[in-house]
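I am attaching a structure below and will ask some questions about it afterwards.
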Number of protein chains: 2
Amino acid sequence: MIRNSRQRNAIRDAIAQAGRPLLPQEIHQLAQQAAPRLGIATVYRNLQALQDADEVNQVMIPGDSPRFELAEQPHHHHFKCTACGGVTTLYACPGKLAELAPEGYQMHSHELTLYGHCEDCAKAH
Amino acid sequence: MIRNSRQRNAIRDAIAQAGRPLLPQEIHQLAQQAAPRLGIATVYRNLQALQDADEVNQVMIPGDSPRFELAEQPHHHHFKCTACGGVTTLYACPGKLAELAPEGYQMHSHELTLYGHCEDCAKAH
DNA sequence: CCGATAATGATAACTCATTATCATTAAAAC
DNA sequence: GTTTTAATGATAATGAGTTATCATTATCGG
């Protein structure tokens, strides 16, 4: 039987309020405001549970370990700042990507990541 | 002083002939045909050296460890088969991606990965 | 051919993210 | 409040990829 816990709620809220995909350690830090003694193992356990419940999705950025964002979002991509490392959600897509696949190949999905400087890091040039 | 070695040539040739990015262990296997006692440490050492010499580039596919391909190639992207795990080079790009970045952001580069079934795996459906 | 030393091969060591362990804590049904 | 047991926190263990170590081998200028 599944029970509620302050920790799981704190983890879910941290992901929901971020509006961008978070690393487990980012979730750990953010959720500690609502659940002070939160351990990193509990973060991983609940990320697994929230994925199984289709509440959160894994996001892979090339070269990075998995991040997590709310499920049930429209199709989108991500921008990774090469200065601060932060990831931003982009509600945009170039479209028509299946045409890029070679003859005989079947494209089912795609991942696009833009790299550069986020607004804050661009100002600080 | 830098010397030539059968092993380094075998590693460089394996990457050049593949025409697609290879994992270190794939390079290890392929290059063993020309350098039978090749050790995996030598593969890593030479990949580092070849990168420093701008002869090969690292390619990151989301969720995977680094692959290596020849440098000095035209702009391109990759297709990853979700059945066999193989990666194919795609000499195509949707273009106009800087427009997708939010106001104030500066895009410098991008990564696109298509997922689906390669020709062989599509046939075997 | 010789000598200096770059490069190699085998394997131990390391890194870092993630998972397992287990005693303790705390939901929630009664 | 009591009881059951799911969930937690602290930390050890794991695993995959990569790097370091060091004795041995092989390149190449002389």
Side-chain angles (χ1 to χ4, degrees), chain A residues 1-15 18 21-53 55-69 78 80 85-87 113, chain B residues 1-15 18 21-53 55-69 78 80 84-87:
Chain A
M1 188 249 262
I2 293 172
R3 297 176 184 170
N4 278 330
S5 73
R6 171 197 314 273
Q7 288 85 347
R8 179 174 306 128
N9 292 335
I11 289 166
R12 192 174 9 227
D13 290 351
I15 296 169
L22 298 175
L23 293 167
Q25 59 244 40
E26 291 177 308
I27 295 167
H28 185 212
Q29 290 183 334
L30 289 171
Q32 275 182 328
Q33 296 167 14
R37 303 199 152 285
L38 179 64
I40 189 65
T42 297
V43 174
Y44 279 104
R45 266 189 297 250
N46 279 291
L47 286 174
Q48 188 60 61
L50 291 168
Q51 273 188 279
D52 293 346
E55 291 191 56
V56 308
N57 282 140
Q58 235 184 30
V59 174
M60 293 307 244
I61 304 286
D64 292 2
S65 52
R67 287 179 172 77
F68 297 85
E69 65 182 7
H78 301 97
K80 176 160 182 181
V87 172
T113 309
Chain B
M1 189 248 261
I2 292 173
R3 296 176 185 171
N4 278 332
S5 72
R6 173 199 311 276
Q7 290 86 347
R8 179 175 304 128
N9 291 334
I11 289 165
R12 193 175 7 226
D13 290 351
I15 296 169
L22 297 175
L23 294 167
Q25 59 244 39
E26 291 177 309
I27 295 168
H28 185 213
Q29 291 182 336
L30 289 171
Q32 275 182 327
Q33 296 167 15
R37 303 201 152 283
L38 180 63
I40 188 67
T42 298
V43 174
Y44 280 104
R45 266 189 297 248
N46 279 291
L47 286 175
Q48 189 60 60
L50 290 168
Q51 273 188 277
D52 292 347
E55 292 190 56
V56 308
N57 282 140
Q58 232 184 33
V59 174
M60 293 306 242
I61 304 285
D64 292 2
S65 52
R67 287 177 171 78
F68 297 86
E69 65 181 10
H78 300 98
K80 175 160 183 183
C84 69
V87 172

Q) Does OP1 or OP2 of D:dT5 have a side-chain N or O of A:Arg3 closer than 4.0 Å? A)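 Looking at the OP1 and OP2 atoms of D:dT5, neither is under 4.0 Å from any side-chain N or O of A:Arg3.
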Q.
If we count only N and O atoms by modelled type, under 3.5 Å, do the side chains of A:Arg6 and A:Asn9 hold a donor and an acceptor together?
A.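 There is no such pair (donor and acceptor under 3.5 Å, judged by atom type) between the side chains of A:Arg6 and A:Asn9.
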Q. Which whole-number value in Å describes the distance from A:Arg6 CZ to C:dA28 C1'?
A.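 Whole-Å distance recorded here is 16 Å.
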Q) For the pair made of CG in B:Leu38 and P in C:dT8, what is the distance, rounded to whole Å? A)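 Spelled out: CG on B:Leu38 to P on C:dT8 is 8 Å.
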Q) Over how many whole Å does the gap from A:Arg8 atom CZ to D:dG9 atom C1' extend? A)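 Taking CZ of A:Arg8 and C1' of D:dG9, I get 15 Å after rounding.
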**Q.** Integer-rounded Å distance: D:dA6 C1' and A:Asn46 CG
**A.**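 After rounding, the reported distance stands at 11 Å.
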Q. Quick one: CZ on B:Arg12 to CD on B:Gln7, what's the gap to the nearest 0.5 Å?
A.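 It is 12.0 Å, given to the nearest 0.5 Å.
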Q: Provide, to the nearest angstrom, the distance between the CE atom belonging to A:Met1 and the P atom belonging to C:dA28.
A: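 Going from CE in A:Met1 over to P in C:dA28 covers 7 Å.
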Q: Identify which nucleotide among C:dA17, D:dG17, D:dT8 has an atom closest to any side-chain atom of A:Gln7, counting heavy atoms from C-beta outward.
A: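 The listed nucleotide nearest to A:Gln7's side chain is D:dT8.
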**Q.** Nearest-nucleotide comparison on DNA chain D, the residue closer to the 5′ end among A:Ile40 and B:Pro24
**A.**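 Of the two residues, A:Ile40 wins.
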(Q) Under 4.0 Å, counting only non-hydrogen atoms across every strand here, what does B:Arg37 touch: a base, just sugar-phosphate, or nothing? (A)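 The residue B:Arg37 makes sugar-phosphate contact but no base contact.
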Q.
For B:Pro62 versus A:Met60, what's the shortest heavy-atom pair and its separation?
A.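 Closest heavy-atom pair between B:Pro62 and A:Met60: CB-CB, 3.6 Å.
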Q | B:Tyr44 OH - C:dG9 P separation (whole Å) | A |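 Interatomic distance, OH of B:Tyr44 to P of C:dG9: 15 Å.
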Q) What's the CD-C1' distance between B:Gln58 and D:dG17, to the nearest Å? A)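 My rounded result for the distance is 12 Å.
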Q. When the nearest nucleotide of DNA chain C is assigned to B:Asn4 and to B:Ala41 on a heavy-atom basis, which residue is associated with the more 5' position?
A.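 Looking at DNA chain C, the more 5' nearest nucleotide goes with B:Asn4.
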Q. Under 3.5 Å, side chain of B:Arg8 to main-chain N/O of B:Arg3, donor-acceptor pair present?
A.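 Pair found, side chain donor or acceptor close to backbone of B:Arg3.
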Q.
Can you measure A:Gln25 atom CD to C:dT15 atom P for me and round it to whole angstrom units?
A.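 About 17 Å, once rounded to whole Å.
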Q. Can you tell me how far the CD1 atom of B:Ile15 sits from the CD atom of B:Glu55, to the nearest 0.5 Å?
A.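 These two atoms lie 9.0 Å from each other.
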(Q) Taking the axis from the first five pairs and the axis from the last five, what angle separates them in the helix from C:dC1-D:dG30 to C:dC30-D:dG1, rounded to 10 degrees? (A)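 Answer for the end axes of this duplex: 40°.
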Q: Over all heavy atoms of both residues, which pair between B:Pro21 and B:Val87 is shortest? Give the atoms and the distance, please.
A: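 Nearest pair, atom of B:Pro21 first, then B:Val87: CG-CG1, 3.6 Å.
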Q: With DNA chain D as reference, determine whether B:Gln48 or B:Ser5 sits nearer its 5' end, using the nearest nucleotide of each.
A: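 Result of the comparison: B:Gln48.
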Q. Counting just side-chain N and O atoms, does B:Thr42 come under 4.0 Å of either OP1 or OP2 of C:dG9?
A.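 B:Thr42 to C:dG9 OP1/OP2: side-chain N or O found under 4.0 Å.
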(Q) Is there, by distance only and without an angle test, a donor paired with an acceptor across the side chain of A:Arg45 and the base of C:dT19 below 3.5 Å? (A)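 Per atom types, no contact qualifies.
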Q. If every non-hydrogen atom of A:Leu38 is compared with every non-hydrogen atom of A:Gln32, which pair is closest and at what distance?
A.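 In terms of heavy atoms, the two residues are closest at O-NE2, 3.4 Å.
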